[in-house]
Undergrad: 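Mind looking over this structure? Questions follow.
All heavy atoms count here, side chains included; hydrogens, waters and symmetry mates do not.
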Amino acid sequence: MGQAMHHYSVFETAGGFCAIAWNSVGITQFQLPTRSEEATERNLLRRLPGAEPATPTAEIVEAVAAVRRYFDGEETDFSAFKLDLGEQDAFFEQIYAAARRLDWGHTTTYGALAKQLGAGPEAARDVGQAMARNPVPLIIPCHRVLAAGGKVGGFSAPGGSVAKARMLELEGVHVEPPPPAQQSFGF
């Protein structure tokens, strides 16, 4: 089975410029907002070299509208959109499916998600890895999966954990801002 053609579109939201990529099966990549159209497009093409800009299909138009509503602060549900994440580890597929069931304004932790899937606490790290590699952040709402104790945890998108905290705030979830980076080790 050959690599299906990827198309993409860059669009503006209240949060900045986003990009979405798709093939004949479904959405394949999503780029969270950056401040510039060029940076967003560059970030997407780094992960999908050879993707072609195209006019969105009806479902992609709907997804774009949903993303815009989301960044306008409207409760939005992305769980019905078809995805094509390519070859995924079976456990990652389960993790993504579980994360997709997290509704607006609801959070869980890496450990709780692992436990929900019948895995031990050591699988929390796998959950974290799956979230870090999530090709469609927001559509698979990895920002709703937090570190233990409700701490924000990592976020590999532009803006890092600050962006994650901001997205949760849009949903009415308040998390402690990440502490400033340590300047020196306090021994």
Undergrad: Nearest 0.5 angstrom please: Ser161 OG to His143 NE2, how far?
TA: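 Between atom OG of Ser161 and atom NE2 of His143 there are 14.0 Å.
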Undergrad: Once you round to the nearest 0.5 Å, how far does CZ of Phe81 lie from CZ of Arg100?
TA: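 The CZ atom of Arg100 is 9.0 Å from CZ of Phe81, to the nearest 0.5 Å.
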Undergrad: Which atoms form the tightest heavy-atom contact between Pro137 and Leu32, and what is the distance?
TA: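 Shortest heavy-atom contact: CB-CD1, 3.7 Å.
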Undergrad: Is there any salt bridge (charged side-chain N to carboxylate O under 4.0 Å, His left out) pair reaching into residues 31-42, and which pairs are they, with sequence neighbours excluded?
TA: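 Checked against salt bridge (charged side-chain N to carboxylate O under 4.0 Å, His left out) - neighbours excluded - no pair reaches residues 31-42.
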Undergrad: Is the shortest side-chain heavy-atom distance between Glu169 and His174 below 4.5 Å?
TA: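 In contact.
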Undergrad: Using 0.5 Å steps for rounding, measure from the OG1 atom of Thr76 to the CG atom of Leu138.
TA: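 These two atoms lie 8.0 Å from each other.
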Undergrad: Answer yes or no: is there a side-chain heavy-atom contact under 4.5 Å between Asp89 and Asp126?
TA: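 Of all side-chain heavy-atom pairs linking Asp126 with Asp89, none is under 4.5 Å.
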Undergrad: Less than 4.5 Å apart, any side-chain heavy atom of Asp103 and any of Arg144?
TA: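 A side-chain contact under 4.5 Å is absent here.
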Undergrad: Glu75: which residues meet the side-chain contact (heavy atoms from CB on, under 4.5 Å) condition with it, sequence neighbours left out?
TA: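 Applying side-chain contact (heavy atoms from CB on, under 4.5 Å) to Glu75 gives Trp104.
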Undergrad: Working note: Phe92 + Leu85, criterion side chain to side chain contact (heavy atoms under 4.5 Å, CB included); need CA distance, chi angles, decisive distance, verdict.
TA: CA-CA 10 Å; Phe92 274 29; Leu85 306 183; over 6 Å; no
Undergrad: Specify the closest pair of heavy atoms between Glu59 and Ala80, including all atoms of both residues, with the distance to one decimal.
TA: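 Taking Glu59 first and Ala80 second, the nearest heavy atoms are OE2-O, 4.1 Å.
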Undergrad: Under the rule for side-chain contact (heavy atoms from CB on, under 4.5 Å), what residues qualify as partners of Ala21, not counting sequence neighbours?
TA: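 By the side-chain contact (heavy atoms from CB on, under 4.5 Å) rule, Ala21 matches Tyr8, Thr28, Gln29, Leu44, Leu48.
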Undergrad: Got Gln129 and Phe91 here, is their nearest side-chain heavy-atom distance under 4.5 Å?
TA: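 When only atoms from C-beta onward are counted, Phe91 and Gln129 do not touch, as no gap falls below 4.5 Å.
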Undergrad: Has Arg47 got more than 12 heavy atoms of other residues, nucleotides or ligands less than 6.0 Å from its CZ?
TA: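 Yes, the 6.0 Å shell around CZ holds more than 12 heavy atoms from other groups.
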Undergrad: Tyr96 and side chain to side chain contact (heavy atoms under 4.5 Å, CB included): which partner among Asn134, Val136, Ile139?
TA: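 The passing option is Asn134.
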Undergrad: CG of Leu146 to CE of Met131: how many Å apart, nearest 0.5 Å?
TA: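 One gets 11.5 Å once the value is rounded to the nearest 0.5 Å.
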Undergrad: Give a yes or no on whether Phe155 and Val152 share a hydrophobic cluster (residues Ile, Leu, Val, Met, Phe, Trp, Tyr; joining criterion: side-chain heavy atoms under 4.5 Å apart).
TA: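 Cluster IDs for Phe155 and Val152 differ.
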Undergrad: Would you say the side-chain atoms of Asp77 pair up with the backbone N or O of Ser79, donor to acceptor, closer than 3.5 Å?
TA: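 It does hold such a pair.
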Undergrad: Sequence neighbours excluded, which residues qualify as side-chain contact (heavy atoms from CB on, under 4.5 Å) partners of Pro56?
TA: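 Pro56: side-chain contact (heavy atoms from CB on, under 4.5 Å) contacts with Ser9, Trp22, Ile60, Val61.
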Undergrad: Quick check: does any side chain N or O of Tyr70 sit under 3.5 Å from a backbone N or O of Met167, one acting as donor and the other as acceptor?
TA: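 Side chain of Tyr70 to backbone of Met167: a pair is present.
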Undergrad: Going by atom type alone, with no hydrogens or angles, which donor-acceptor pairs under 3.5 Å involve a side-chain atom of residues 109-118 and a protein atom two or more places apart or on another chain?
TA:
{"unit_1": "Thr109", "atom_1": "OG1", "unit_2": "Ala112", "atom_2": "N", "d": "3.0"}
{"unit_1": "Tyr110", "atom_1": "OH", "unit_2": "Lys164", "atom_2": "NZ", "d": "3.4"}

Undergrad: May I ask you to test the Ile27-Phe78 pair for a side-chain heavy-atom distance under 4.5 Å?
TA: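 Contact flag for Ile27/Phe78 side chains = no.
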Undergrad: When rounded to the nearest 0.5 angstrom, what is the spacing between CG in Leu83 and CD1 in Ile140?
TA: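 Between Leu83 CG and Ile140 CD1, I get 5.5 Å after rounding to 0.5 Å.
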Undergrad: Measure the CD-NE2 distance between Glu171 and His106 for me, rounded to the nearest 0.5 Å.
TA: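 Rounded to the nearest 0.5 Å, the CD-NE2 separation comes to 10.0 Å.
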Undergrad: Please list every donor-acceptor pair under 3.5 Å in which a side-chain atom of residues 10-20 meets a protein atom from a residue at least two apart or in another chain.
TA:
{"unit_1": "Thr13", "atom_1": "OG1", "unit_2": "Gly15", "atom_2": "N", "d": "2.9"}
{"unit_1": "Thr13", "atom_1": "OG1", "unit_2": "Gly16", "atom_2": "N", "d": "3.2"}
{"unit_1": "Thr13", "atom_1": "OG1", "unit_2": "Gly16", "atom_2": "O", "d": "2.9"}

